[in-house]
K.L.:
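For reference, the structure I am asking about is given below.
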Protein chains: 2
Amino acid sequence: MAISRAAKTQRRTRIQEEKEELILEAALDVFSQNGFRGSTIDQIAEAAGMSKPNLLYYFRTKEAIHRQLIDRVLTTWLEPLRVFDADGDPESEIRSYIRRKLEMARDFPRESRLFANEILQGAPRIEDELKGPLKELVDEKAAVIRAWARAGKIARCDPYHLIFSIWSTTQHYADFDVQVRAVLGQAHSGEGRFEDAARFLEALFMDGLRVR
Amino acid sequence: MAISRAAKTQRRTRIQEEKEELILEAALDVFSQNGFRGSTIDQIAEAAGMSKPNLLYYFRTKEAIHRQLIDRVLTTWLEPLRVFDADGDPESEIRSYIRRKLEMARDFPRESRLFANEILQGAPRIEDELKGPLKELVDEKAAVIRAWARAGKIARCDPYHLIFSIWSTTQHYADFDVQVRAVLGQAHSGEGRFEDAARFLEALFMDGLRVR
DNA sequence: CGATAATTTAACCGCTTGGTAAAAGCTTAC
DNA sequence: GTAAGCTTTTACCAAGCGGTTAAATTATCG
């Protein structure tokens, strides 16, 4: 009898690596569109071009797929914040953080929506990650921002709410894409909307709406 | 035999009105937490304190409940934008729009999440409302904002992206509540976080991050 | 009260769901 | 080539799903 995948500590075969990747890719499509409870193993299997039992040979449960996906996404998703540099110029650091987050919303909307779905539904499967690694990283960067404000390099403001506002404004273009397109209409729904958004957000965060 | 509810054009009894309200209230809880596909009629029935067939006596399908809920929420949800006044002072109009949206995120988080769930999953049931009434309303208010910018009353900016950024920053506190709480920690997760958010957002939109 | 209509319940149905068992087919290393 | 392990398929299951039927119960009104 074949050794169960779960009992293994290391990858074994080329096929396993390929198929697992294929499944995760398909699962990202499905989960990001329907949420965890709204997605079925059959949907994922079909999207991955294999049968349900075959898929379950690689991942023992639906939750196992989801967890691995979330773990992977969380890492890459926080990367832009991680590179936030305390020694850099505040204005350009914030500016490029906004730009990077917006690029991610444009290039990886499924990842953003997977995450949004999870949070929206109470984050039952990632509460620990939020309260642990995420909070620690944000605390660290909030301290940097606070130091900049104290040094008079940027306006005094609550660093946490600044981070929230950057997250929300940028991720909005991935998570609420349908609404953005509907409101902008066909004329402005091309890829140019990300350019417009970038221009607007940079100006907003740098100068607000006051006449200059 | 009783006349089917669907055949009626008017409310008939006191009980019907009460029970329908009870069901919609329960459905708001359930749908806002699990999305449409992730919610079951049994869950809603249990939350409403009645049996599934009894619930289905008042609403013929799961979708009928959802549709009525969405219709109702959409109306109240857009109210703050509707009162946006072209003749008012730009700064105070924007400021109070932000405040009102934030109050709604605080007082009606379930409504916000219901809506977010729907959009996130591709808005299959409300595409028409988005492209119709919503777009028209936004177009109208965008014209107002553009006129203010032309008149030099506020900085020149893309009015659509301004509206998006107000929506996203305020609704973030309802939709991503779990994440906000996790990051802020217990110390700042009380109701005071809405005060902090309001202060931050008003300052951001009025002046940006530049030192004043 | 009594009749009529409104409401609730119990029993049920066909379909989908997450997951399993076991055997057949395929790869790979010797 | 062949034996061992790896992969895929076929057949299946119990529970959950949205929804129906019909009978029992309760409210309403003359």
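A, B, ... follow the sequence lines: proteins, then strands. Residue 1 opens every chain. In this text the structure is predicted, and so the values were computed from the model without any measurement.
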K.L.:
Would you call Arg82(B) and Glu79(B) a salt bridge, taking side-chain N to carboxylate O under 4.0 Å as the test?
P.N.:
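Yes, this pair counts.
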
K.L.:
Please tabulate, one pair per line, each protein N/O and nucleotide N/O from nucleotides 20-24 of chain D that are separated by under 3.5 Å, including the distance.
P.N.:
none

K.L.:
Could you check whether any side-chain N or O of Lys101(A) sits under 3.5 Å from a backbone N or O of Ile166(A), counting only pairs where one atom can act as donor and the other as acceptor?
P.N.:
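Answer holds: no.
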
K.L.:
Would you say dT8(D) has OP1 or OP2 under 4.0 Å from some side-chain N or O of Tyr58(A)?
P.N.:
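Yes.
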
K.L.:
Is any side-chain N of the basic residue among Arg110(A) and Glu25(A) closer than 4.0 Å to the acidic one's carboxylate O?
P.N.:
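Salt bridge present between Arg110(A) and Glu25(A).
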
K.L.:
Round to the nearest Å and state the distance from Leu55(B) atom CG to dC17(D) atom C1'.
P.N.:
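Taking CG of Leu55(B) and C1' of dC17(D), I get 14 Å after rounding.
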
K.L.:
Does Ser51(A) put a side-chain nitrogen or oxygen below 4.0 Å from OP1 or OP2 of dT8(D)?
P.N.:
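For Ser51(A), the contact criterion (side-chain N or O under 4.0 Å from OP1 or OP2 of dT8(D)) is not met.
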
K.L.:
How are the rings of Phe31(A) and His66(A) set to each other: parallel, tilted or perpendicular (split at 30° and 60°)?
P.N.:
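Phe31(A) and His66(A): perpendicular rings.
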
K.L.:
Does any N or O in the side chain of Gln43(A) come within less than 3.5 Å of the main-chain N or O of Thr40(A), such that one atom is a donor and the other an acceptor?
P.N.:
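Yes, because the side chain of Gln43(A) sits within donor-acceptor range (under 3.5 Å) of the backbone of Thr40(A).
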
K.L.:
If the cut-off is 4.0 Å, is Tyr57(A) near the phosphate of dT7(D), judged by side-chain N/O to OP1 or OP2?
P.N.:
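Result: yes.
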
K.L.:
Going by an N to O cut-off under 4.0 Å, is there a salt bridge joining Arg125(A) and Glu63(A)?
P.N.:
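No.
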
K.L.:
Could you tell me whether the side chain of Ser189(A) and the main chain of Arg181(A) form a donor-acceptor pair under 3.5 Å?
P.N.:
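Yes, Ser189(A) side chain to Arg181(A) backbone: donor-acceptor pair under 3.5 Å.
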
K.L.:
Roughly how many Å is it from CD in Glu18(B) to P in dT8(C), rounded to a whole number?
P.N.:
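So the two atoms are 10 Å apart, to the nearest Å.
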
K.L.:
At under 4.0 Å between heavy atoms, how does the protein contact nucleotides 22-28 of chain C? Give one character per nucleotide, 5' to 3', with B, S or -.
P.N.:
------S

K.L.:
Report the distance from atom CE of Met50(A) to atom P of dT10(D), rounded to the nearest whole Å.
P.N.:
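About 15 Å, once rounded to whole Å.
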
K.L.:
Would you mind checking if Arg193(A) and Asp158(B) are paired as a salt bridge, meaning a charged N to carboxylate O distance below 4.0 Å?
P.N.:
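Looking at Arg193(A) together with Asp158(B), the answer is no, because their closest N to O distance does not fall below 4.0 Å.
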
K.L.:
Whole Å only: how far is the CG atom of Leu22(B) from the P atom of dT8(C)?
P.N.:
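Checked: the CG to P distance equals 10 Å.
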
K.L.:
If you apply the rule side-chain contact (heavy atoms from CB on, under 4.5 Å), what do you find for Leu201(A) with Phe205(A), and how did you get there?
P.N.:
CA-CA 6 Å; Leu201(A) 289 177; Phe205(A) 281 93; 4.3 Å; yes

K.L.:
Can you sort out which residues in residues 25-48 of chain A have a heavy atom within less than 4.0 Å of DNA chain C? Ascending by number, please.
P.N.:
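Contacts with DNA chain C under 4.0 Å: Ser39(A), Thr40(A), Ile41(A).
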
K.L.:
What integer distance in Å separates Lys62(B):NZ from dG16(D):P?
P.N.:
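Result: 16 Å.
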
K.L.:
Between Arg113(A) and Leu120(B), is there a donor-acceptor pair closer than 3.5 Å when you use the side chain of the first and the backbone of the second?
P.N.:
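A pair under 3.5 Å: no.
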
K.L.:
Can you find a side chain N or O atom of Asn54(B) that sits less than 4.0 Å from OP1 or OP2 on dT7(C)?
P.N.:
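For Asn54(B), the contact criterion (side-chain N or O under 4.0 Å from OP1 or OP2 of dT7(C)) is not met.
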
K.L.:
Hey, what's the ring geometry for Phe176(B) with His172(B), parallel, tilted or perpendicular (30° and 60° as the breaks)?
P.N.:
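Geometry flag for His172(B) against Phe176(B): parallel rings.
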
K.L.:
Using only side-chain N and O atoms of Gln16(A), determine if any of them is under 4.0 Å from OP1 or OP2 of dT7(D).
P.N.:
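For Gln16(A), the contact criterion (side-chain N or O under 4.0 Å from OP1 or OP2 of dT7(D)) is met.
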
